[in-house]
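The following block contains the structure, expressed as structure tokens.
Values reported hereafter were calculated over all heavy atoms of this structure, with side chains retained and with hydrogens, waters and symmetry mates removed. If you're wondering where the values come from, they're calculated on a predicted model, not measured in any experiment.
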Amino acid sequence: MPQIFSKKANRLPLITFAGFIVFLVSAVCFFWYYGSPDYTDVGYRPLQPVPYDHQLHAGDLGIDCRYCHVSVEQSGVSNIPPTQTCMNCHTIVKAESEKLALIRNSFSSKLPVEWIKIHQLPDYAYFNHSAHIRAGVGCESCHGNISAMPMVSLAKPLSMSWCLDCHRDPDVHLRPANLVTAMGWTPPSNQREIGAMFRQTRKIIPPEDCSGCHR
């Protein structure tokens, strides 16, 4: 009786299995990247109700982050500045600008401007701004160089693995206390040595267990 399949058909299961493995690996890699915050979240830049230019205020004018975000050193959250903070300058500077009409209306009506939040963490994740500021982690480490952004965008993924990478190796992010809010900071060549010293003197022990961030 003649053979229905040739000898080449013996390779078919192997080829099928290899093709399945290639497909499976490709699918995992696809979703690993295109489903990660590096792709889905980084670069998020919503249109705000008022076109506030951080490059002008924090960059060109050199206004310190803490002038607007006053609670960042004492509180777990970094406050959104009240309208009064804007009007400290804009009662005089560009007081009649059409772009600031919403700010003036907010100031007169006592109703806050509804800014769109950019740096969002899930409700089940706990992050304390003041703890990181006291440790010497620069604002730029999480927010990017805000002073170079006319419109603020999400610069870092803020994912769990990204946070853990820093908790496991914080030395490269630790700065002198007076440079925490400095933008465009360049770490010195011996940053690891200096960072290790800061970690020891400041008694920094970043938690790596679940309860450190999930409470």
Side-chain angles (χ1 to χ4, degrees), residues 41 44-46 48-91 93 100 102-160 162-163 166-167 170 173-185 198-199 202-207 211-215:
D41 295 358
Y44 173 59
R45 185 174 57 187
Q48 298 289 354
V50 178
Y52 182 84
D53 188 340
H54 274 80
Q55 185 177 43
L56 170 64
H57 292 81
D60 298 343
L61 298 178
I63 298 175
D64 190 279
C65 306
R66 292 163 293 192
Y67 178 76
C68 297
H69 304 287
V70 294
S71 68
V72 71
E73 293 177 295
Q74 295 84 30
S75 173
V77 297
S78 177
N79 67 294
I80 295 175
T83 305
Q84 175 63 60
T85 302
C86 304
M87 294 303 290
N88 287 344
C89 294
H90 288 295
T91 51
V93 179
L100 298 174
L102 191 59
I103 295 293
R104 293 192 297 272
N105 292 339
S106 170
F107 185 65
S108 60
S109 67
K110 308 300 181 184
L111 296 175
V113 176
E114 295 185 7
W115 301 100
I116 300 173
K117 192 173 183 180
I118 298 174
H119 302 84
Q120 303 188 55
L121 291 179
D123 291 339
Y124 53 77
Y126 175 79
F127 178 86
N128 189 312
H129 271 85
S130 62
H132 289 78
I133 294 295
R134 287 195 301 269
V137 178
C139 305
E140 191 175 6
S141 292
C142 298
H143 296 288
N145 188 351
I146 294 291
S147 68
M149 299 182 188
M151 288 181 63
V152 173
S153 63
L154 188 68
K156 308 292 182 179
L158 308 183
S159 62
M160 185 172 74
W162 179 81
C163 293
C166 183
H167 277 218
H173 298 285
L174 301 180
R175 307 184 181 190
N178 63 321
L179 295 177
V180 168
T181 61
M183 293 293 160
W185 177 73
F198 285 152
R199 179 160 47 85
R202 296 170 184 172
K203 296 180 173 56
I204 299 170
I205 308 174
S211 62
C213 300
H214 303 294
R215 304 180 180 181

Checklist entry - Out of curiosity, Cys89 SG to Leu61 CG, how far, rounded to the nearest 0.5 Å? => result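 CG of Leu61 is found 8.5 Å from SG of Cys89.
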Checklist entry - If you look at every heavy atom in Cys142 and Leu158, which pair is closest and at what distance? => result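 Shortest heavy-atom separation between Cys142 and Leu158 comes out as O-CD2, 4.2 Å.
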Item to check | Atom pair OG (Ser147) and CD1 (Ile63), whose distance is rounded to the nearest 0.5 Å | outcome: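 One gets 12.0 Å once the value is rounded to the nearest 0.5 Å.
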Item to check | Side-chain heavy-atom pair Cys139, Thr181 within 4.5 angstrom cut-off | outcome: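 Yes; the side chains approach each other to less than 4.5 Å.
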Checklist entry - Around atom CG of Leu56, are there more than 12 heavy atoms of other residues, nucleotides or ligands at under 6.0 Å? => result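 Correct, the count exceeds 12.
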Next on the checklist: Treating Arg199 as the side-chain partner and Ile204 as the backbone partner, does any N or O pair qualify as donor plus acceptor under 3.5 Å?
Outcome noted: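 No, because the side chain of Arg199 does not come within donor-acceptor range (under 3.5 Å) of the backbone of Ile204.
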Checklist entry - Looking only at heavy atoms, what is the nearest atom pair of Asn145 and Met149, with distance? => result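 Closest heavy-atom pair between Asn145 and Met149: O-CG, 3.6 Å.
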Checklist entry - Between His90 and Ile103, does a side chain to side chain contact (heavy atoms under 4.5 Å, CB included) hold up when you go through it step by step? => result CA-CA 9 Å; His90 288 295; Ile103 295 293; 5.7 Å; no
Item to check | Expected output: side-chain His54 to main-chain Pro150 donor-acceptor under 3.5 Å | outcome: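 No: the side chain of His54 does not pair with the backbone of Pro150.
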Checklist entry - Quick check: does any side chain N or O of His173 sit under 3.5 Å from a backbone N or O of Val137, one acting as donor and the other as acceptor? => result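 A pair under 3.5 Å: no.
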Checklist entry - Has the side chain of Arg175 got a donor or acceptor atom that lies under 3.5 Å from a matching backbone atom of Ala182? => result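 Side chain of Arg175 to backbone of Ala182: a pair is present.
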Next on the checklist: Tell me whether the rings of His132 and His167 are parallel (<30°), tilted (30 to 60°) or perpendicular (>60°).
Outcome noted: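 Rings of His132 and His167: tilted, as their planes differ by 30° to 60°.
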Checklist entry - Taking C-beta and beyond as the side chain, do Pro176 and Phe198 meet within less than 4.5 Å on heavy atoms? => result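 A side-chain contact under 4.5 Å exists here.
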Next on the checklist: I need the Leu100 CG to Met87 CE distance, nearest 0.5 Å.
Outcome noted: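 One gets 8.0 Å once the value is rounded to the nearest 0.5 Å.
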Item to check | Leu174 versus Ala135, closest heavy-atom pair with distance | outcome: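 Closest heavy-atom pair between Leu174 and Ala135: CD2-O, 3.6 Å.
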Checklist entry - Looking at Gly212 and Arg215, what are the two nearest heavy atoms and their distance? => result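 Closest approach of Gly212 to Arg215: O-NH2, 3.4 Å.
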Next on the checklist: Ignoring hydrogens, what is the shortest heavy-atom contact between Gln55 and Ala148? Give both atom names and the distance.
Outcome noted: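 That would be NE2-O, 3.9 Å.
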Next on the checklist: To the closest 0.5 Å, what do you measure between CD1 (Ile80) and CH2 (Trp115)?
Outcome noted: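 With rounding to 0.5 Å, CD1 (Ile80) is 9.0 Å from CH2 (Trp115).
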Next on the checklist: Nearest 0.5 angstrom please: Cys65 SG to Met183 CE, how far?
Outcome noted: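 It comes to 4.0 Å.
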Item to check | Donor-acceptor pair, side chain of Thr85 and main chain of Tyr67, under 3.5 angstrom | outcome: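 Absent.
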Checklist entry - Hey, is the main chain of Cys68 close enough, under 3.5 Å, to the side chain of Asn79 for a donor-acceptor pair? => result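 Yes, Asn79 side chain to Cys68 backbone: donor-acceptor pair under 3.5 Å.
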Checklist entry - Within a reach of under 6.0 Å around CE of Met160, are more than 12 heavy atoms found that belong to other residues, nucleotides or ligands? => result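 No, not enclosed.
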Next on the checklist: Quick check against the 3.5 Å criterion: does Ser106 have a side-chain atom that pairs as donor or acceptor with the backbone of Leu111?
Outcome noted: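 At least one qualifying donor-acceptor pair exists.
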Item to check | Contact summary for Gln48 and Ile118, nearest pair of heavy atoms | outcome: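 Nearest pair, atom of Gln48 first, then Ile118: NE2-CD1, 3.7 Å.
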Item to check | Whether His143 and His119 hold their rings parallel, tilted or perpendicular, with breakpoints at 30° and 60° | outcome: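 Geometry flag for His119 against His143: perpendicular rings.
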Item to check | Side-chain donor or acceptor of Ser108 paired with backbone N/O of Arg104 under 3.5 Å | outcome: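 Side chain of Ser108 to backbone of Arg104: a pair is present.
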Next on the checklist: For Ser141 and Lys156: C-alpha separation, side-chain torsions, deciding distance, then whether side chain to side chain contact (heavy atoms under 4.5 Å, CB included) applies.
Outcome noted: CA-CA 8 Å; Ser141 292; Lys156 308 292 182 179; over 6 Å; no
Item to check | Greater than 12 external heavy atoms within 6.0 Å of Gln74's CD | outcome: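 More than 12 within 6.0 Å, yes.
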Next on the checklist: Looking at Ser75 and Val72, would you say the former's side chain and the latter's main chain have a donor-acceptor pair under 3.5 Å?
Outcome noted: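 Such a contact is absent between Ser75 side chain and Val72 backbone.
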